[in-house]
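Reviewing the structure listed below.
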Amino acid sequence: MATEPHGGTPADDTGAHRPHDEAHQGLLARWHTTLLAAREGAEGPDPAPYGRALLDRWAEPHRRYHGTDHLRAVLDHVDELAAHLPGPDTTDGPADGPADGRTDRPTDGPEADPQAVPSNGRGLDPAAVRLAAWFHDAVYRPDRSENEERSARLAERALTEAGVPAARVAEVARLVRLTVTHDPADDDLNGAVLCDADLAVLAGTPEQYAHYAAEIRQEYAFVPDDAFRDGRSAVLRQLLGLPRLFRTAHARARWEAQARHNLTTELALLSAG
């Protein structure tokens with residue numbers, strides 16, 4: 001993308017233009033706000049072509065789950081989590097709250113425990129986390145294992161060209177690479193927020209989770225049933241074996257129990273199949 005600032009898609013990735021509907025324009029507006037914030041007042045090229053090129057990637061026809069709805073959900077969850085961290089944060093999300101429609105804000109419990117929220121001494125960098133959300137699945141092919149690395153390299157090229165300071169570019173790329181494991185260090189606040197936002201889908205209602213699981217299966221339609229069951233079951237067991245799925249206090253209090261229930265249910269269904 002960095003070599004095609006007018007929205008072109010590299011030849012090794014199939015682009016598909018998403019209709020310029022209201023949701024699409026809303027994402028472009030959020031991209032514009034985030035990129036300007038990330039520049040910290042420095043001059044740079046028009047953000048719009050970069051945003052359009054990214055959305056072309058997110059709208060590729062082979063994506064079922066890893067599409068623009070997932071991008072929007074991750075951005076909404078970043079905003080939700082940032083709003084529950086100590087200290088002020090200005091979100092660039094929709095005024096009516098996160099995509100799941102839940103807007104309750106607990107005033108006590110785990111959020112009040114300073115040890116429950118990781119801190120790197122610098123606080124959350126919202127612009128870096130939101131840019132990482134935009135890029136974390138920018139390159140996505142289910143038959144490849146290097147998607148996160150290629151997405152990180154894309155972020156390094158595009159954001160440097162777009163005028164983002166080098167230190168923040170490096171942080172965005174680090175965060176994108178972190179989504180390989182979703183295992184941030186205890187003092188990695190940026191990583192905790194991004195990973196929790198990305199995994200929030202695991203805590204949907206049973207109907208939402210079933211829809212998510214079906215979309216994942218569609219993305220891996222080229223994999224035979226037996227091989228898919230074995231591979232997916234291994235992933236679910238690995239997740240269930242973690243001492244905690246979520247790192248921020250708000251995410252753990254809100255999503256941990258439901259996510260574990262959903263994962264256990266899917267694993268049981270796969271085992272029965």
Side-chain angles (χ1 to χ4, degrees), residues 13-14 57-78 80-81 98-102 133 136-151 175-184 191-248 250-273:
D13 289 283
T14 302
R57 287 176 172 275
W58 283 93
E60 290 165 340
H62 64 269
R63 298 174 185 245
R64 293 297 180 268
Y65 169 67
H66 292 89
T68 51
D69 287 344
H70 172 56
L71 169 62
R72 187 179 300 106
V74 173
L75 290 170
D76 288 345
H77 286 123
V78 167
E80 178 180 356
L81 293 170
D100 61 7
R102 299 176 297 189
H136 82 286
D137 285 324
V139 178
Y140 179 74
R141 296 293 295 268
D143 58 339
R144 296 177 180 174
S145 61
E146 72 279 9
N147 291 318
E148 292 86 359
E149 179 60 30
R150 295 176 68 215
S151 295
L175 292 170
V176 171
R177 292 183 173 103
L178 185 61
T179 61
V180 174
T181 62
H182 291 94
D183 187 22
V193 170
L194 178 65
C195 290
D196 283 3
D198 195 26
L199 293 180
V201 64
L202 302 180
T205 65
E207 294 76 16
Q208 289 169 334
Y209 187 88
H211 181 69
Y212 148 73
E215 289 182 329
I216 293 295
R217 182 66 184 103
Q218 290 169 18
E219 288 187 341
Y220 285 87
F222 59 91
V223 178
D225 287 343
D226 288 348
F228 179 82
R229 277 197 299 271
D230 290 345
R232 181 68 177 173
S233 295
V235 170
L236 298 177
R237 291 190 185 97
Q238 184 271 330
L239 289 170
L240 287 167
L242 295 174
R244 53 182 179 173
L245 293 167
F246 300 101
R247 302 306 180 95
T248 61
H250 177 73
R252 289 205 304 277
R254 191 173 180 81
W255 300 331
E256 184 85 19
Q258 184 62 43
R260 289 189 175 275
H261 172 78
N262 288 335
L263 293 169
T264 300
T265 299
E266 185 186 1
L267 181 59
L269 291 172
L270 289 170
S271 300

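Nothing fancy with the numbering, it's 1 onward along the sequence. The structure presented is a predicted model; accordingly, all values stated were derived computationally and were not measured.
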Return the OG1 to CD distance between T205 and E207, rounded to the nearest 0.5 Å.
4.5 Å
Approximate separation, where rounding is to 0.5 Å, of H62 NE2 and Q218 CD:
13.5 Å
Looking at side-chain heavy atoms only, is the closest gap between R57 and V139 below 4.5 Å?
yes
Evaluate the side chain to side chain contact (heavy atoms under 4.5 Å, CB included) criterion for residues H77 and W255: first the C-alpha distance (whole Å), next the side-chain angles of each, then the deciding distance (0.1 Å), finally the verdict.
CA-CA 11 Å; H77 286 123; W255 300 331; 3.6 Å; yes
From W58, Y212, Y140, residue fulfilling ring-ring contact (aromatic ring centres under 6.0 Å, His included) relative to H66:
Y140
How about E149 and R177: do any of their side-chain heavy atoms sit closer than 4.5 Å?
yes
Charged N-O contact under 4.0 Å between R217 and D225:
yes
In a check of side-chain hydrogen bond (donor to acceptor under 3.5 Å, both in side chains) between N262 and each of E266, Q258, R260, which one passes?
Q258
Could you tell me whether R63 and E219 have a side-chain N and a carboxylate O separated by less than 4.0 Å?
no
Closest approach of F246 to E256 (non-hydrogen atoms, all atoms of both residues):
N-OE1, 3.2 Å
Atom pair CG (L75) and OG1 (T68), whose distance is rounded to the nearest 0.5 Å
11.0 Å
Does a side-chain heavy-atom distance below 4.5 Å link R247 with C195?
no
Any side-chain heavy-atom pair from D137 and V74 closer than 4.5 angstrom?
no
Supply the atom-to-atom distance S151 OG to L175 CG, rounded to the nearest 0.5 angstrom.
13.0 Å
Do R229 and P224 have side-chain heavy atoms sitting under 4.5 Å apart?
no
Which heavy atom of P184 sits nearest to which heavy atom of L178, and what is that distance?
CB-CD2, 3.8 Å
Are L242 and L239 side-chain neighbours, meaning at least one heavy-atom pair lies under 4.5 Å?
yes
Of all heavy-atom pairs between A197 and L81, which one has the smallest distance, and what is that distance?
N-CD1, 3.8 Å
If only side-chain N and O atoms count, and only distance matters, is there a donor-acceptor pair under 3.5 Å linking H211 with E215?
yes
Is I216 close to R232 at the side-chain level, that is, under 4.5 Å between some pair of heavy atoms?
yes
Specify the closest pair of heavy atoms between P142 and Y220, including all atoms of both residues, with the distance to one decimal.
O-CE2, 3.4 Å
Write down the atom of Y65, the atom of V201, and the distance for their closest heavy-atom approach.
OH-CG1, 3.3 Å
Rounding to 0.5 Å, atoms CD (E80) and CZ (R254) come to a distance of 5.0 Å
Is the side chain of D196 donor-acceptor paired with the backbone N or O of A251 at a distance under 3.5 Å, no angle test?
no
I'd like to know if R64 and D69 make a salt bridge, using a cut-off of under 4.0 Å between side-chain N and carboxylate O.
no
Side-chain contact, heavy-atom cut-off 4.5 Å: H70 with D198?
yes
Just by distance, do the side chain of T179 and the backbone of V176 share a donor-acceptor pair under 3.5 Å?
yes
Atom pair CZ (F228) and CG (L270), whose distance is rounded to the nearest 0.5 Å
7.0 Å
